[in-house]
Amino acid sequence: MTIALLGTGLLGSAIATRLLACGHSLSVWNRHPERAQPLLELGARQAPSPAAAAAEADWLLTVLSDGPTTHAVLIDQVAEELRGRRVLQIGTIGPAESQSLSEAVTALGGSYLEAPMLGSRPEALDGTLQLMTGGPTELMQEALPLLQQLSRDPVHLGAVGSAMTAKLALNQLIASLTHAFSLSLHLVQQGGVEVEPFMALLRNSALYAPTFDKKLQRELSGDYANPNFPTAHLRKDLDLFIRAAQQAGLNSEGLSGLAALLQRSSAAGLDGLDYCALHQLTAGRTAAATPD
């Protein structure tokens, strides 16, 4: 099928690579055209604008940085080219933002399915993302052959907003688990406890989560380069979760300290590094620094 993909960042470029490997005809757009160059070498076509990318596509996929950017690109730039188009909105945005975007796309004659994904570049490349959708059931069925090339078992959760709600709930756990493990690891080391015996106890307990071992060596070595999910995105998603929780009438005060801590990642130079670089922020001296 003919697909247009808007946004060739870390996840977008991996999804595009997977779609090309599956034999699809793909046009891509990024506001920084040079970032799409590796995809052109794999057979993608570079579109001069979002509207040009969408013009002949069966499906229009968006993997953009946030809700306002996605709205501006789709509604202000693709605009009338949305008529008759089917949109898969993959980027993580707020549930209310997704609902508003769906209404705007529909008003322009398009159809809209939110399809956020749990996983990062490695899973996208081998088609093993955990994919959830929100939107019309019939549109989910139309999208299924495409979605199954990105995910072994796509799950439809309900109306627009439901999948984004689940995605934010999952990403909040990424932030909270990473933060909690980082603090424990620091305290263990400063208390003179060897890391491996501590990890053995943790692995054999109900407290263990595989993400702890996944990030352990990065945190021990301080090597946060080549991220699949950068710290800036984790901060953005945690802020979205807190906003959604407050709109739902929940008490999210327990997350305020973590959100404030992540606000320091820009001044600490961590925004473009792997999200477990927040381990530097929990170390004390860096965490106490005041951002410019």
Side-chain angles (χ1 to χ4, degrees), residues 1-93 97-98 100-117 120-121 124-125 127 129 131 135 139 142-143 145-147 149-150 160 164 227-230 232-233 236 271-272:
M1 61 186 73
T2 302
I3 300 169
L5 186 142
L6 310 179
T8 58
L10 289 171
L11 181 59
S13 63
I15 290 172
T17 300
R18 172 70 178 176
L19 294 174
L20 288 167
C22 291
H24 296 295
S25 175
L26 183 70
S27 61
V28 297
W29 175 85
N30 191 294
R31 61 181 175 175
H32 302 289
E34 67 278 3
R35 295 183 182 175
Q37 184 59 40
L39 297 172
L40 305 186
E41 295 170 3
L42 294 175
R45 302 180 307 281
Q46 188 164 63
S49 68
E56 298 180 358
D58 298 315
W59 289 95
L60 177 58
L61 278 58
T62 56
V63 198
L64 298 163
S65 58
D66 54 36
T69 299
T70 305
H71 190 281
V73 170
L74 274 180
I75 306 308
D76 300 337
Q77 297 185 53
V78 178
E80 295 302 323
E81 289 294 344
L82 283 170
R83 183 167 300 280
R85 306 277 175 242
R86 295 172 293 183
V87 174
L88 286 178
Q89 203 306 98
I90 295 171
T92 303
I93 64 177
E97 290 177 313
S98 190
S100 176
L101 190 58
S102 175
E103 292 169 2
V105 168
T106 302
L108 286 167
S111 53
Y112 178 95
L113 188 72
E114 60 183 19
M117 303 173 180
S120 54
R121 186 171 178 83
L125 291 172
L129 291 161
L131 191 152
L139 188 57
E142 292 176 16
L146 173 58
L147 299 178
Q149 292 179 333
L150 301 173
V160 171
M164 286 301 167
N228 290 317
F229 185 50
H233 290 186
K236 182 262 293 184
D271 273 4

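Just so it is clear, the structure is predicted and the values come from calculations on it, not from any experiment.
Listed here is the closest heavy atom pair of Trp29 and Ala47: CD1-O, 3.5 Å. Considering every non-hydrogen atom in both Ala54 and Arg85, the closest pair reads O-NE, 2.7 Å. Residues Gly272 and Pro227 share a closest heavy-atom pair of O-CG, 3.2 Å. Among all heavy-atom pairs drawn from Arg121 and Ser13, the shortest one is NH1-OG, 3.0 Å. Between Ala53 and Leu6, the shortest heavy-atom contact is CB-CD2, 3.8 Å. Contact detail for Leu101 and Ile75: the closest heavy-atom pair is CD1-CG1, 4.0 Å.
Among the candidates Thr17, Ile15, Val28, the single residue satisfying the side chain to side chain contact (heavy atoms under 4.5 Å, CB included) test with Thr8 is Val28. None of Val63, Leu129, Thr70, Leu113 except one satisfies the side chain to side chain contact (heavy atoms under 4.5 Å, CB included) rule with Ile90; the exception is Val63.
Of the possible polar contacts, none joining the Arg35 side chain to the Gly9 backbone as a donor-acceptor pair under 3.5 Å is found. With hydrogens and angles ignored, the 3.5 Å screen pairs no side-chain donor or acceptor of Gln149 with any backbone N or O of Cys22. Here the side chain of Thr106 pairs a donor or acceptor atom with the backbone of Ser102 at under 3.5 angstrom. Looking only at distances, no side-chain donor or acceptor of Glu114 sits under 3.5 Å from a matching main-chain atom of Ser98.
Between His71 atom NE2 and Gln77 atom CD the span is 12.0 Å, to the nearest 0.5 Å. In this structure, the separation between CD on Glu97 and OG1 on Thr92 is 11.0 Å, given to the nearest 0.5 Å. Within the model, atoms OG of Ser25 and CD of Glu56 stand 9.0 Å from one another, a figure rounded to the nearest 0.5 Å. Distance NE2/His24 to CD1/Ile3: 4.5 Å, rounded to 0.5 Å.
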Check the pair Leu74 / Leu108 against side chain to side chain contact (heavy atoms under 4.5 Å, CB included), numbers first and verdict last.
CA-CA 10 Å; Leu74 274 180; Leu108 286 167; over 6 Å; no
The test is side chain to side chain contact (heavy atoms under 4.5 Å, CB included); show your working for Leu60 and Leu82 and say whether it passes.
CA-CA 9 Å; Leu60 177 58; Leu82 283 170; 4.0 Å; yes
Using the rule given for side chain to side chain contact (heavy atoms under 4.5 Å, CB included), can you reason through Leu146 versus Leu61, listing the C-alpha separation, both sets of side-chain angles and the distance that settles it, and then say yes or no?
CA-CA 11 Å; Leu146 173 58; Leu61 278 58; 4.2 Å; yes
Test side chain to side chain contact (heavy atoms under 4.5 Å, CB included) applied to Leu88 and Leu147, step by step:
CA-CA 10 Å; Leu88 286 178; Leu147 299 178; 3.9 Å; yes
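Atom CD of Gln37 has more than 12 heavy atoms from other residues, nucleotides or ligands within 6.0 Å.
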